[in-house]
2 protein chains.
Amino acid sequence: MSDIPLLPNHQSGPKKLTPEQENQQLKKIIRELGLKVTQQRMDILRIVKAGDRHFTAQDIFEAVSETNTSIGFATVYRFLKALSAKAFVTEVRMGGMPARYEWSSQEHHDHLTCTVCGKVVEFENDEIEKLQEEVAKSLGFVLTDHILELFGVCSSSHCQKVYKSAPES
Amino acid sequence: MSDIPLLPNHQSGPKKLTPEQENQQLKKIIRELGLKVTQQRMDILRIVKAGDRHFTAQDIFEAVSETNTSIGFATVYRFLKALSAKAFVTEVRMGGMPARYEWSSQEHHDHLTCTVCGKVVEFENDEIEKLQEEVAKSLGFVLTDHILELFGVCSSSHCQKVYKSAPES
DNA sequence: ATGAACTTGAGAATCATTATCAAAATAATT
DNA sequence: AATTATTTTGATAATGATTCTCAAGTTCAT
């Protein structure tokens, strides 16, 4: 069950790995968490790593379910929690919506969300990061994490129109 | 029921108002929302305005319940939603915790939270604000709102100790 | 292979929030 | 002040995401 490519090959990755090499990588991560290697954890991890954007627990549940593995929500949540406890994934919860997760090895970035169409654009800004450090230090804190979410209206004519026609609600 | 000071007088406010003047102010706000003036809404509004920090819906429910007014959760949530729809209060939801609300007339500020003891420190930083505007503009967005939450460990010896003894979880 | 320890998943439980709807309150009109 | 159309309330049920429970299944060191 390891010679069938269950997921498309993302050629954008920095390194090309054989399926076996990838599996070793995944196992290593699981063991770093002090957990046993199971099929479910392998599958979750594969999907989280392969994706290049944001997932909900639901997304991951469905993606794993499409493979041969049966899985429960509890398992997804449990493992995602373990991953984010060790900062392998970033968990962002906002606005009463389901939590979004993403693999955190890639460059850190923040989000700019269009409040009309829901489009999410990522950005990074070193100056902002630096200022955050300074603020925390000036208040006697050691900064360990941050969430910066910008909200606005994107440039699409549809969203601009909606925005201008309902400026105060 | 208007001559008993139900809440401590916050002398830091920009203007001193008689109870009657305050009531007129509150009524005006409720009418601006296109809603009828009710005792419950007056009470909620009074508490939200009087407080200078963050409230949960639960806090507000309890505070109103301490007055003579009986109130239900639904009413609290409904009215807070109406207030935040017109930007009279700011609603912040994060990390699966209950939403926090605050009156938004005051200076804008962001939050720095100690992940050990839960202490919240407010700050404002014009430079960061300016950079946010620039980022949004450069991506073609009109910025309408943002959430910046910093997380760290505060300077108390207890929190520092906890932090250093468990550096990787 | 064996067994101790860890995992799983189905479903129950929880928690914040929202919806429902009959009864009560408001405000505009006599 | 009484009437009435409309809005609001609050008790309770419903929802939706997440977490808990625990018997049954799996992993892995021996």
Side-chain angles (χ1 to χ4, degrees), chain A residues 1-2 23-24 26-45 47-48 54-85 89-101, chain B residues 1 23-24 26-45 47 54-85 89-101:
Chain A
M1 74 174 71
S2 64
N23 281 345
Q24 290 311 317
L26 302 185
K27 286 181 185 174
K28 189 177 166 210
I29 292 169
I30 295 172
R31 295 207 180 93
E32 278 181 49
L33 299 174
L35 300 173
K36 290 186 175 173
V37 174
T38 66
Q39 189 61 52
Q40 288 86 342
R41 286 171 177 162
M42 292 291 280
D43 287 348
I44 293 171
L45 202 44
I47 285 163
V48 170
H54 317 104
F55 300 96
T56 63
Q58 176 75 40
D59 293 335
I60 291 166
F61 173 81
E62 286 171 8
V64 174
S65 297
E66 276 178 19
T67 72
N68 49 344
T69 313
S70 87
I71 195 165
F73 267 98
T75 304
V76 174
Y77 278 110
R78 269 188 300 240
F79 189 47
L80 286 175
K81 200 181 204 180
L83 284 168
S84 74
V89 305
T90 304
E91 177 192 286
V92 180
R93 289 184 177 186
M94 289 204 26
M97 314 169 96
R100 290 189 329 241
Y101 301 85
Chain B
M1 71 177 70
N23 281 344
Q24 290 311 317
L26 302 186
K27 286 180 186 176
K28 189 178 167 212
I29 290 168
I30 295 172
R31 295 207 179 95
E32 277 182 50
L33 299 174
L35 300 173
K36 291 186 174 175
V37 174
T38 65
Q39 188 61 52
Q40 288 84 343
R41 285 171 178 162
M42 292 291 280
D43 286 349
I44 293 171
L45 202 44
I47 285 163
H54 317 106
F55 300 94
T56 63
Q58 175 76 41
D59 294 335
I60 291 166
F61 173 83
E62 286 172 8
V64 173
S65 297
E66 277 180 16
T67 72
N68 50 344
T69 313
S70 88
I71 195 165
F73 266 97
T75 304
V76 174
Y77 277 110
R78 267 188 302 240
F79 189 48
L80 286 175
K81 201 182 205 180
L83 284 168
S84 74
V89 305
T90 304
E91 177 191 288
V92 180
R93 289 183 178 187
M94 289 204 27
M97 315 171 95
R100 290 189 328 241
Y101 300 86

* To the nearest angstrom, how far is A:E91 atom CD from D:dT19 atom C1'? -> 12 Å

* Pick base, sugar-phosphate or nothing for B:R93, based on heavy-atom distances below 4.0 Å to the nucleic acid. => sugar-phosphate

* **Between D:dT8 (C1') and B:F73 (CZ): distance, integer Å** => 18 Å

* Structure fact -> Heavy-atom closest pair (B:A82 atom, B:L33 atom, distance to 0.1 Å) is O-CD2, 3.9 Å

* Return no unless some side-chain N or O of B:Y77 is found under 4.0 Å from OP1 or OP2 of C:dT18. => no

* So which heavy atom on B:I71 is nearest to which on B:F61, and how close? -> O-CE1, 3.1 Å

* To do: Could you state the atom-to-atom distance from NZ of B:K36 to C1' of C:dA28 in whole Å?
  => 9 Å

* When you check the phosphate oxygens OP1 and OP2 of D:dT8, does a side-chain N or O of B:R78 lie under 4.0 Å from one of them? -> no

* Atom-pair distance (CD1 on B:I71; P on D:dA11), nearest Å -> 10 Å

* So, for A:R41 and A:I30, which heavy atoms are closest and what is the spacing to 0.1 Å? -> CB-CD1, 3.7 Å

* Once you round it to whole Å, what is the distance between P of D:dT26 and NZ of A:K27? -> 17 Å

* Asked: Taking the side chain of B:T38 as its heavy atoms from C-beta onward, which of C:dT17, D:dT8, D:dT18 lies nearest to it?
  -> D:dT8

* Structure fact -> By nearest-heavy-atom nucleotide on DNA chain D, the more 5' of A:A74 and A:Q58 is A:Q58

* Asked: When B:D43 is tested against each of B:V76, B:I60, B:V64 for side chain to side chain contact (heavy atoms under 4.5 Å, CB included), which residue passes?
  -> B:V64

* Asked: Atom CD1 of A:I30 to atom P of D:dT26: distance rounded to whole Å?
  -> 17 Å

* **Side-chain N,O (B:T75) to OP1/OP2 (D:dT8) below 4.0 Å** => no

* Using atom CG of A:L80 as one end and atom P of D:dT19 as the other, report the distance to the nearest whole Å. => 10 Å

* Residue closer to the 5' end of DNA chain C, B:R31 versus B:Y101 (nearest nucleotide) -> B:Y101

* Is the phosphate of C:dT8, meaning OP1 or OP2, less than 4.0 Å from a side-chain N or O of A:S70? -> no

* **Interatomic distance where CZ belongs to A:F79 and C1' belongs to C:dG9 [whole Å]** => 16 Å

* **Distance below 4.0 Å between A:Q40 side-chain N/O and C:dG9 OP1 or OP2** => yes

* Asked: Shortest non-hydrogen contact from B:R93 to B:A99?
  -> CG-CB, 3.4 Å

